[in-house]
Amino acid sequence: MNRLHLQRIIEELRHSFRCPECGEAYNVEAIHFRGHLGNLYFVQLNCPGHLPMMALARVINERKRFRIEKSLQLTAEDASQFAADIKQWRGSFNKLWSDVTKA
């Protein structure tokens, strides 16, 4: 994934998510990419004055335009693929969660 793709994905996320406490849209600077497995992206969303939120978004690439699936319904196949990807993942969930509390 290149930097331009990530910027486009973050811009789409900005339009797709709102703070669950106050309903405000997130600024681009408040969305932090934490990793991805295939087309599932982990992001941290920060709203001033509220606790950070972690979100999982499925990103669909349609003709070089990214779209966030609004209602993420995971199938048994998705869960199996996710489990297989997690087993191969070399990241650290401890680091991921500690980064959330620091942001």
Side-chain angles (χ1 to χ4, degrees):
M1 169 186 6
N2 66 38
R3 186 179 184 101
L4 180 60
H5 286 173
L6 185 56
Q7 287 174 334
R8 287 180 182 166
I9 290 167
I10 288 175
E11 187 61 33
E12 282 298 314
L13 287 166
R14 189 177 79 79
H15 294 292
S16 299
F17 287 97
R18 293 188 169 275
C19 175
E21 292 187 44
C22 67
E24 289 293 317
Y26 292 100
N27 294 325
V28 171
E29 299 81 23
I31 300 172
H32 304 280
F33 175 73
R34 295 296 181 201
H36 74 96
L37 293 169
N39 67 345
L40 296 175
Y41 286 71
F42 297 95
V43 292
Q44 177 184 341
L45 307 164
N46 295 327
C47 182
H50 298 115
L51 291 174
M53 181 176 89
M54 291 297 291
L56 177 65
R58 178 179 285 148
V59 177
I60 301 167
N61 186 352
E62 296 175 332
R63 294 184 220 123
K64 298 187 180 183
R65 183 179 173 275
F66 294 98
R67 180 174 62 86
I68 306 301
E69 191 171 318
K70 298 280 187 200
S71 60
L72 182 62
Q73 297 194 10
L74 298 176
T75 65
E77 184 180 327
D78 290 330
S80 294
Q81 183 62 48
F82 186 70
D85 289 342
I86 287 288
K87 287 178 183 175
Q88 296 177 9
W89 186 50
R90 297 295 172 237
S92 165
F93 277 108
N94 287 336
K95 182 180 181 327
L96 179 70
W97 299 131
S98 70
D99 288 348
V100 169
T101 59
K102 290 177 188 172

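Of the charged side-chain nitrogens involved, at least one lies within less than 4.0 Å of a carboxylate oxygen, so that R14 and E11 count as a salt-bridged pair.
With sequence neighbours left out, the side chain to side chain donor-acceptor pair (under 3.5 Å) criterion links E21 to no other residue. Listed by chain and number, the residues in a side-chain contact (heavy atoms from CB on, under 4.5 Å) with L13 are I9, F17, I31, V43, A57, I68 (sequence neighbours excluded).
Across every non-hydrogen atom of R18 and G23, the tightest pair is NH1-O, 3.0 Å.
Cluster membership for L45 and L6, using ILVMFWY side-chain heavy atoms within less than 4.5 angstrom, is shared.
Taken from SG in C47 to CG in N27, the straight-line distance is 9.0 Å, to the nearest 0.5 Å. To the nearest 0.5 angstrom, Q44 atom CD is 10.0 Å from Y26 atom OH.
Using the six-membered ring where Trp is involved, H36 and Y41 have ring planes that are parallel, under 30° apart on the 30 and 60° scheme.
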